[in-house]
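These notes concern the structure reproduced below.
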Amino acid sequence: MISFYNTLSGRMEEFVPLEKGRVRLYTCGPTVYDYAHIGNYRSFLFSDILRRHLRRSGFELLHVMNITDVDDKTIRNAAAAGQTLTEYTDRFIEAFFEDSRKLRLEKPEKVARATEHIPDMVQAIRQLGEKGFTYSSEGSVYFRIANFPQYGKLSKIDISGMRPGARMDRDEYEKADVRDFVLWKAPKPGEPSWETELGPGRPGWHIECSVMANKYLGESFDIHAGGADLIFPHHENEIAQSEALSGKTFVRYWLHCEHLLVDGQKMSKSTGNYFTLRDLLQQGHTAESIRYLLASVPYRKQLNFTVGGLRQAAQSIERLKNFQFRLSHTSFPEGANAEIAAKTTAFPDLLRKAMDDDLNTAQAMGVLFELVRAANTAIDRGEFRSENTQPALDCLSHWDEIFEVLPKQTGDHPAQSFATAGQESAQASAGDDGMGPAEIEAKLQERTAARRQRNFALADRIRDELSAAGILIEDTKDGMRWKRK
RNA sequence: GGCGCGGUACCCAAGUGGUUAAGGGAGAGGUCUGCAAAACCUUUAUGCGGCGGUUCGAAUCCGCCCCGCGCCUCCA
């Protein structure tokens, strides 16, 4: 049984999709006015882990993610760059996809751009008008909250305290009530606008999500997820628009990811305390360690991002990779160890239980590491058997189907190296420090020969030399292995 | 002020009434090794922000208080 904390009810609820065996999911994607920062990616990664767990639980998925490619910031930055809106946003959409690939984020079944759904939005706004939920003022169309009594049910915000004149956008002073929000914005000189039956203009932010969700997922669907800062007003407004239009429950489970903090403060563009994925990769951190760190703290808890945390994450991955390598490169005595067999058999269930519990990723990690230690101990004691190997490797793969931080066990990496995909992405491949696999192999053989002759001075010199080139050597019972630092 | 999340060891963090408070990282000691590395073992919270209360029993429930962060305006 999968349970989620539902923002709407404020409590944990058993998850049951509307349609048996099928989950319809909508997540708020990026506004493509700049590179996304890793705070943004925390919430996209949260969606990714949600997806993966649902799929592994046997659900077929229909996941829609929007891309906001028209708003004040995209318009402003495109103008500053001297590009058309589309030229400008295309570039950052591509950057977003590239980052997503590096972070191993699965692509949603449908990625929907706001600008490709203008007619749908116009139609929805017209229908809202027919139902009496809108009014026009100076060429803009607004949603009249007074006509939607349930407004505030998601955020539990008492809107009665919001008074006209409090904090108002200059171009919105014609609103009848400050709580009202814009559906269609009248054009300003020099800004892109669309000629529609509503008059020229562009859509407000909130309407795109209501409309695209409705178009691809229907009037009612299962899960809507996003960052905690979207609860109000964005998701509240989506509910108002959608439910005013359909008269039905828009979304059944609302899931919100808490913020990434830097120095105890929310990471955000406006305060400037942010890192992009590019920044971090450039500093030599790996995409895997970033993914691990972001995934290691359950999504409903704020995560204070530090370089120290990233190092810890990298160390933890290292431990797993060492274990994986050890399993696949050691020959064990025949037979099976019953104790280990019991643990590997129990593992999928323990992992599933942890994830079923509102995606308790910290627990899921603990479950794996307990298995790792038990297996390592058995290996050290000589009690691990050959028939335990594959089940143990399968546990790693199962776990990694969610966390995606380990090298794939396809056997396509050099036998003597446990260099990983992660290092490829972060540090480019071999050539960087001028030493390719062949050259490394030669050095290793030279060192093996020296050791055989008990010429340890030479052996150590070779090891130091390789170390200076970023190659770490380990002598094991089954021979030498190496990896890039 | 309103709403929400959180305060568990040096750091990160699980644990929502009941045996010795998961797990990771870091440190210390040890085993193994030519030396390392990896791995393993031991070790680091009689205590879970504070004070009361409920209970046979609380990190876990209730009350009050202190502290941090977020939302209430664009924001993942």
Side-chain angles (χ1 to χ4, degrees), chain A residues 5 7 10 12 27-31 33 36-47 68 71-73 152 155-162 166-169 172 178 205 225-234 236 256-261 264-271 292-293 296-304 306 308-309 311-323 325-326 354 357 360-373 375-381 418 451 454-457 459-460 463-464 467 472-477 480-483:
Chain A
Y5 180 87
T7 307
M12 291 283 286
T27 59
C28 285
T31 301
Y33 68 103
H37 60 63
I38 54 164
N40 302 131
Y41 283 116
R42 185 194 189 190
S43 88
F44 302 139
L45 175 60
F46 149 61
S47 307
T68 303
D71 82 318
D72 292 345
K73 287 173 187 163
S155 55
K156 284 106 185 155
I157 275 171
D158 180 12
I159 51 170
S160 61
M162 294 168 65
R167 286 158 150 170
M168 279 204 289
D169 201 350
E172 290 183 358
V178 269
W205 175 33
D229 48 3
L230 298 183
I231 296 171
F232 187 89
H234 186 53
E236 197 69 71
H256 291 98
C257 177
E258 262 302 341
H259 290 138
L260 193 71
L261 309 180
Q265 305 292 322
K266 177 182 166 186
M267 177 177 284
S268 76
K269 289 280 173 57
S270 47
T271 48
Y292 185 103
L293 175 61
S296 66
V297 177
Y299 77 94
R300 280 203 302 127
K301 187 165 173 165
Q302 292 171 341
L303 193 171
N304 196 20
T306 62
R311 288 206 199 95
Q312 291 188 11
Q315 275 309 115
S316 302
I317 296 171
E318 200 56 32
R319 182 167 159 81
L320 295 176
K321 290 200 293 197
N322 281 327
F323 176 62
F325 184 88
R326 193 180 196 192
D357 182 18
N360 192 338
T361 48
Q363 181 87 56
M365 289 181 167
V367 166
L368 179 67
F369 279 104
E370 277 182 63
L371 174 71
V372 170
R373 186 164 38 71
N376 268 325
T377 301
I379 293 172
D380 277 7
R381 290 183 183 159
F418 60 150
R451 289 182 75 219
R454 303 195 68 77
N455 184 352
F456 297 120
D460 289 353
R463 183 166 65 196
D464 290 346
S467 173
L472 210 65
I473 291 176
E474 294 177 10
D475 301 316
T476 74
K477 240 182 2 198
M480 214 184 284
R481 62 173 177 153
W482 62 274
K483 61 182 169 182

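Chain naming here is simple, since letters A, B, ... match the order of the sequence lines and numbering starts at 1 in each. Just the heavy atoms: all of them, side chains too, but no hydrogens, waters or symmetry mates, feed the values below.
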Q | Euclidean distance for P, U73(B) against G68(B) (whole angstrom) | A | 23 Å
Q. What is the distance from atom CG of L230(A) to atom SG of C257(A), rounded to the nearest 0.5 Å?
A. 10.0 Å
Q: Working to the nearest 0.5 Å, report the span between CG of L45(A) and CD1 of I38(A).
A: 11.0 Å
Q.
Is the phosphate of A39(B) approached by R326(A) (side-chain N or O, under 4.0 Å from OP1 or OP2)?
A. no
Q.
It should be established whether Q312(A) places a side-chain nitrogen or oxygen under 4.0 Å from OP1 or OP2 of nucleotide A26(B).
A. no
Q | Distance between C1' atoms of G1(B) and A45(B) (Å, rounded) | A | 38 Å
**Q.** Nearest-angstrom distance, C1' atom, G4(B) to A39(B)
**A.** 45 Å
**Q.** Euclidean distance for P, U55(B) against G2(B) (whole angstrom)
**A.** 32 Å
Q: Determine the Euclidean distance between corresponding C1' atoms of U42(B) and C67(B); express it in Å to zero decimal places.
A: 36 Å
Q) For the side chain to side chain donor-acceptor pair (under 3.5 Å) test, which of R319(A), R381(A), R326(A) pairs with N376(A)? A) R326(A)
Q: May I ask which nucleotide in the shown strands pairs with G68(B), Watson-Crick or G-U wobble, both distances under 3.5 Å?
A: C5(B)
**Q.** N376(A) vs G264(A), nearer the 5' end of RNA chain B by closest nucleotide
**A.** N376(A)
Q) Does T377(A) place a side-chain N or O at less than 4.0 Å from the phosphate oxygens OP1/OP2 of C41(B)? A) yes
Q | A22(B): pairing nucleotide in any strand, Watson-Crick or G-U under 3.5 angstrom | A | none
Q.
Counting only side-chain heavy atoms from C-beta out, which of A13(B), C71(B), G24(B) sits nearest to H259(A)?
A. C71(B)
Q: Check every strand shown and say whether I473(A) touches a base, only sugar-phosphate, or nothing at a heavy-atom separation below 4.0 Å.
A: base
Q.
Applying the Watson-Crick and G-U wobble criteria at under 3.5 Å, what pairs with U16(B)? Answer none if nothing qualifies.
A. none
Q | Donor-acceptor pair present, R463(A) side chain and C35(B) base, under 3.5 Å | A | yes
Q | Under-4.0 Å side-chain N/O to phosphate OP1/OP2 contact, K156(A) with C72(B) | A | no
Q.
What's S155(A) touching, base or sugar-phosphate or nothing? Going by heavy atoms closer than 4.0 Å.
A. sugar-phosphate
Q) Taking atom C1' in both C61(B) and C74(B), what distance in whole Å separates the two? A) 41 Å
Q.
Base, sugar-phosphate or nothing for R300(A)? Non-hydrogen atoms, less than 4.0 Å.
A. sugar-phosphate
Q: Could you tell me whether the side chain of Q302(A) has a donor or acceptor atom within less than 3.5 Å of a complementary atom in the base of C5(B)?
A: no
Q.
Need the pair for U33(B). Rule: Watson-Crick or G-U wobble, both distances under 3.5 Å, any strand; none if unpaired.
A. none
Q. Hey, what do you get for CG (D475(A)) to CZ (R451(A)), rounding to the nearest 0.5 Å?
A. 3.5 Å
Q) If only atom types and distance count, is the side chain of S47(A) paired as donor or acceptor with the main-chain N or O of S43(A) below 3.5 Å? A) yes
Q: Using Watson-Crick or G-U wobble geometry with both distances below 3.5 Å, tell me the partner of C51(B), or none.
A: G63(B)
(Q) On the side chain of N304(A), is there an atom forming a donor-acceptor pair with the base of C11(B) - under 3.5 Å, no angle test? (A) no
Q) If the C1' atom of A22(B) is compared with that of C48(B), how far apart are they to the nearest Å? A) 14 Å
Q. Rounded to whole angstrom units, what separation is found between the OH atom of Y292(A) and the P atom of C12(B)?
A. 15 Å
Q | Identified pairing partner of A28(B), criterion: Watson-Crick or G-U wobble below 3.5 Å | A | U42(B)
Q) Checking all strands, does V367(A) fall into the base, sugar-phosphate, or nothing category for heavy-atom contacts under 4.0 angstrom? A) nothing
Q) Is the ring of F456(A) stacked on the base of G34(B), with centres less than 5.5 Å apart and planes under 30° off? A) yes
Q) The side chain of K301(A) lies closest to which of these nucleotides: C72(B), A76(B), A13(B)? A) A13(B)
Q | Shortest side-chain distance from Q315(A), nucleotide among C74(B), G2(B), G25(B) | A | G25(B)
Q. Are T306(A) and C12(B) close enough that a side-chain N or O sits under 4.0 Å from OP1 or OP2?
A. no
Q: Tell whether K73(A) reaches the base of C74(B) with its side chain through a donor-acceptor pair below 3.5 angstrom.
A: yes
(Q) Check the phosphate of C5(B) against Y5(A), side-chain N and O only, distance under 4.0 Å to OP1 or OP2. Yes or no? (A) yes
(Q) So, OP1 or OP2 of A38(B): does either fall under 4.0 Å of a side-chain N or O from N322(A)? (A) no
Q) Think N360(A) has a side-chain N or O under 4.0 angstrom from the OP1 or OP2 of G15(B)? A) yes
(Q) Tell me whether the side-chain N/O atoms of R319(A) come closer than 4.0 Å to OP1 or OP2 in G24(B). (A) yes
Q) What is the pairing partner of C74(B), taking Watson-Crick or G-U wobble pairs with both distances under 3.5 Å in any strand? A) none
Q: Would you tell me if any nitrogen or oxygen in the side chain of Q363(A) comes within less than 4.0 Å of OP1 or OP2 on G23(B)?
A: no
**Q.** P-based separation of G47(B) from A21(B) [nearest Å]
**A.** 12 Å
